[in-house]
Amino acid sequence: MSAEHVALVTGGGGGIGAVVCSELGRMGAFVLVAGRDQQGCTRVADEVRAAGGAGAPLLLDVTDPASIATALQDASRLAGPPDWLVNNAGIAVSAPLVARPADSPVDQYETHMDVNFHGARRVFEAVLPAMLERGYGRVVQVASSAALQGYAYVAAYAASKHALLGYSRAAALELQRKGVAVNAVCPHFVDSPMTDESVARIVRETGRTEAAARAFLAEQNPSGELVTTAEVAHAISELLATDMTGSIIELVGGGGRREVEAGWPLGEARG
Ligand SMILES: NC(=O)c1ccc[n+]([C@@H]2O[C@H](COP(=O)([O-])OP(=O)(O)OC[C@H]3O[C@@H](n4cnc5c(N)ncnc54)[C@H](OP(=O)(O)O)[C@@H]3O)[C@@H](O)[C@H]2O)c1
């Protein structure tokens with residue numbers, strides 16, 4: 001394996017994750033396309049290789065510690081321990097603040113925390129020891145604008161993404177002298193399958209047309225446009241390539257960005 005970096009991308013089999021995998025493949029990393037959907041991950045890994053990069057699919061369920069342990073063993077065999085991690089796997093289910101059991105048999109708060117917060121935390125903590133041993137690691141958390149503000153009907157999602165961002169801020173401080181950078185992106189609504197689900201729900205519940213529902217979501221973004229998956233992938237790849245830590249980048253659509261927190265060079269003590 002001659003790639004300079006081994007990149008683990010969770011939820012790599014589709015949506016934003018798939019575009020991130022392509023970009024990291026072009027940057028010369030060995031890309032581990034990780035997720036529950038073996039078919040999707042295999043297809044994306046094939047695309048990375050067809051474009052001249054290196055990569056492999058990795059079966060991974062971020063809610064299952066045994067699955068994470070097995071995936072990391074497989075990763076080491078295929079490419080070596082990951083030194084780049086993109087914590088991208090996530091779920092978003094809309095529901096009223098207090099869901100009636102008849103509407104929602106599962107507790108959406110527990111489910112969202114399990115995937116979006118604990119899932120990302122579990123994978124991070126599993127790859128961290130090897131990063132610390134090497135004195136080098138780059139982690140990008142795919143949070144959300146819902147980590148910075150609230151939206152109606154997604155309290156569970158917003159809570160889990162706020163938790164992820166809080167954890168990441170603390171981790172950046174704790175690891176700043178140890179060579180491991182922790183940065184985050186916070187996209188507003190992205191043109192991806194997750195937003196397609198929201199569009200379908202609005203159509204179902206309000207009778208709006210699909211175009212009107214999509215336009216409504218785009219209007220929620222500060223730019224009035226959906227963020228593209230390419231914009232998210234580009235911001236992530238830039239953060240992986242820097243020596244900054246603690247950066248939080250908000251992606252507002254139309255190519256626009258806001259620096260929520262500028263971050264600081266690794267090795268410089270803050271806080
Ligand atoms: N779309 C947006 O508007 C938006 C905005 C801000 C932030 N984000 C964040 O961006 C990330 C990617 O979302 P997306 O828009 O690309 O949506 P997506 O297409 O639904 O992608 C989510 C990915 O997460 C994976 N995943 C879910 N649960 C998993 C688990 N337990 N273990 C492993 N993988 C799991 C899914 O794979 P499976 O096939 O296994 O379900 C899928 O590949 C998410 O963290 C999301 O919260 C999205």
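Hydrogens, waters and symmetry mates are skipped; everything else that's a heavy atom, side chains included, is used. Note that the structure is a prediction, hence the values are computed from the model and not measured. Counting convention: from 1, in listed order, for ligands and their atoms alike. Counting from 1, the numbers follow the sequence of the chain as shown.
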Check if H188 has a non-hydrogen atom at a distance under 4.0 Å from any atom of ligand 1. yes
So if I apply the side chain to side chain contact (heavy atoms under 4.5 Å, CB included) rule between R257 and each of V227, V185, I249, which one comes out positive? I249
Any non-hydrogen protein atom less than 4.0 Å away from atom 41 (O) of ligand 1: yes
Protein non-hydrogen atom found under 4.0 Å from atom 25 (C) of ligand 1: yes
Any N/O pair R36/ligand 1 closer than 3.5 Å: yes
Checking heavy-atom distances from atom 48 (C) of ligand 1 to each of R122, M194, Q39, the winner is M194
R138/D83 salt bridge by N-O under 4.0 Å criterion: no
Of all the atoms in ligand 1, which lie at a distance below 4.0 Å from a heavy atom belonging to L60? 32 (N), 33 (C)
Taking distance alone, with N or O pairs closer than 3.5 Å, would you say V62 contacts ligand 1? yes
Against ligand 1, does G119 come closer than 4.0 Å with any heavy atom? no
Could you tell me whether D46 and R49 make a salt bridge, using a distance below 4.0 angstrom between a side-chain N and a carboxylate O? yes
Per side chain to side chain contact (heavy atoms under 4.5 Å, CB included), K178 is matched among L132, L266, L128 by L132
Determine, counting only non-hydrogen atoms of the protein, whether one lies under 4.0 angstrom from atom 37 (O) of ligand 1. no
Please answer whether the main-chain N or O of G253 pairs with a side-chain N or O of E225 as donor and acceptor at a distance below 3.5 Å. no
Should the ring pair H5 and W84 be called parallel, tilted or perpendicular, given that the plane angle runs from 0 to 90° and is split at 30 and 60? parallel
